Peer 1: 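Sending over a structure as structure tokens; questions will come in a sec.
Please read these numbers as outputs of a predicted model, since none were measured by experiment. In what follows, chains are A, B, ... by sequence order, proteins preceding strands, each numbered from 1.
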2 protein chains.
Amino acid sequence: MKYSRQRELILKTLRENGIHPTAEQLYEFIRQEEPTISLATVYRNLNLLAENGIIKRIDGLEGTTHFDHQTHDHYHFICTKCHRVFDVPYEIAPNLAESASKETGLNITSYDIAFRGICKDCQKLN
Amino acid sequence: MKYSRQRELILKTLRENGIHPTAEQLYEFIRQEEPTISLATVYRNLNLLAENGIIKRIDGLEGTTHFDHQTHDHYHFICTKCHRVFDVPYEIAPNLAESASKETGLNITSYDIAFRGICKDCQKLN
DNA sequence: ACAATAATAGTAATTGTTATCGTTTAAAGG
DNA sequence: CCTTTAAACGATAACAATTACTATTATTGT
């Protein structure tokens, strides 16, 4: 993997962002600083970074994939109204992958937990 | 909601299917019995059934939505090789939505837990 | 500095899904 | 029954998210 300014910018922007953006959202943000960047470049690098374990994909939302700079297993809260994704500072069970593997006999390598509901900002708007 | 032969067939087929198929997979299967059915009808009815709580959507896979005839909260195992979705007969924590709500202060209404790994069939093929 | 090759921008193509629209069909009342 | 009405249909166009393609540019090792 060869260095590129665009990839560094993508990673830096993702790390500074708290809501785990989509490729499109990142693209719109980065465009302000780097107007010639291509949407394809954002997608290409996000996938590349995720494949190399540097960032993490978050599926589980309707249609669009989000990206997270934190790679360790943790939980998310997805607002069903504004569709933003937040980290959940709460742990159900430590070593969940291992204990679930033992219990079920399945070869579990990772997991995703997504909680859904209306976030505090969206609740205020009612 | 008015009765339709197509909807009944979709629901019946989903209930008989163990791997929680996508709309496309259901469509291909149903076509054998009902060759004139439209893919749009499959999508329309799966969404309608899910909105009415009769079936459940499973997001969380790369891109494609799967559907599940079981509506109560339960966990899934997604094979990262063949992309089939299986039920996980294992419960981490009862009343997870409520306890996580209390713990975090978030207004959690539902959740999804997806384990990932290689299923037994795919392990055999190596 | 130069060759080799990875990465880029721009855009076309693909894929999963939804919307549209004219036609068909199930349910309810006369 | 027969008619009316609205829901559902099939076919296909439209759409949105993502990937593939291609000619050009940038990075790295020598």
Peer 1: Strictly under 4.0 angstrom, non-hydrogen atoms only: write out the protein contact profile of nucleotides 3-13 of chain D, one letter per nucleotide from the 5' end, B, S or -.
Peer 2: ---BSSBBBB-
Peer 1: Report the C-alpha separation of A/Asp68 and A/Arg15 in whole Å, then their side-chain angles, then the decisive distance to 0.1 Å, and conclude whether the salt bridge (charged side-chain N to carboxylate O under 4.0 Å, His left out) test is met.
Peer 2: CA-CA 8 Å; A/Asp68 191 338; A/Arg15 286 189 168 145; over 6 Å; no
Peer 1: Treating B/Glu8 as the side-chain partner and B/Arg5 as the backbone partner, does any N or O pair qualify as donor plus acceptor under 3.5 Å?
Peer 2: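 Absent.
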Peer 1: In whole Å, what is the span from the CG atom of B/Leu46 to the P atom of C/dG16?
Peer 2: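 About 15 Å, once rounded to whole Å.
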Peer 1: Taking atom C1' of D/dA17 as reference, at what distance in whole Å does atom NE2 of A/His83 sit?
Peer 2: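 Roughly 15 Å, once rounded to whole Å.
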Peer 1: What is the distance, to the nearest angstrom, from the CG atom on A/Asn47 to the P atom on D/dT18?
Peer 2: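 In whole Å, D/dT18 P and A/Asn47 CG are 9 Å from each other.
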Peer 1: Does one side chain, of A/Arg31 or A/Tyr27, offer a donor that lies under 3.5 Å from an acceptor on the other?
Peer 2: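 A donor-acceptor contact under 3.5 Å links the two side chains.
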Peer 1: In whole angstrom, what separates A/Leu9's CG from D/dA26's P?
Peer 2: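 A/Leu9 atom CG is separated from D/dA26 atom P by 16 Å.
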Peer 1: Give the rounded distance in Å between these two atoms: CG of B/Asp59 and C1' of D/dA17.
Peer 2: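 In whole Å, D/dA17 C1' lies 14 Å from B/Asp59 CG.
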Peer 1: Rounding to an integer number of Å, can you tell me how far A/Ile30 CD1 sits from C/dT8 C1'?
Peer 2: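 Rounded to whole Å, this separation is 14 Å.
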Peer 1: Classify the ring geometry between B/His74 and B/His72 as parallel (under 30°), tilted (30 to 60°) or perpendicular (over 60°).
Peer 2: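 It falls in the tilted class, 30° to 60°.
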Peer 1: Just to verify, what does B/Asp87 make a salt bridge (charged side-chain N to carboxylate O under 4.0 Å, His left out) with, not counting sequence neighbours?
Peer 2: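 Checked B/Asp87 against salt bridge (charged side-chain N to carboxylate O under 4.0 Å, His left out); zero matches.
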Peer 1: Using whole Å, report how far CD of A/Glu8 lies from C1' of C/dT8.
Peer 2: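 Distance check: A/Glu8 CD to C/dT8 C1' gives 16 Å.
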Peer 1: Donor-acceptor pair, B/Thr41 side chain versus B/Ile37 backbone, under 3.5 Å?
Peer 2: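 No: the side chain of B/Thr41 does not pair with the backbone of B/Ile37.
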Peer 1: To the nearest Å, give me how far apart OH (B/Tyr43) and C1' (D/dC15) are.
Peer 2: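 Result: 13 Å.
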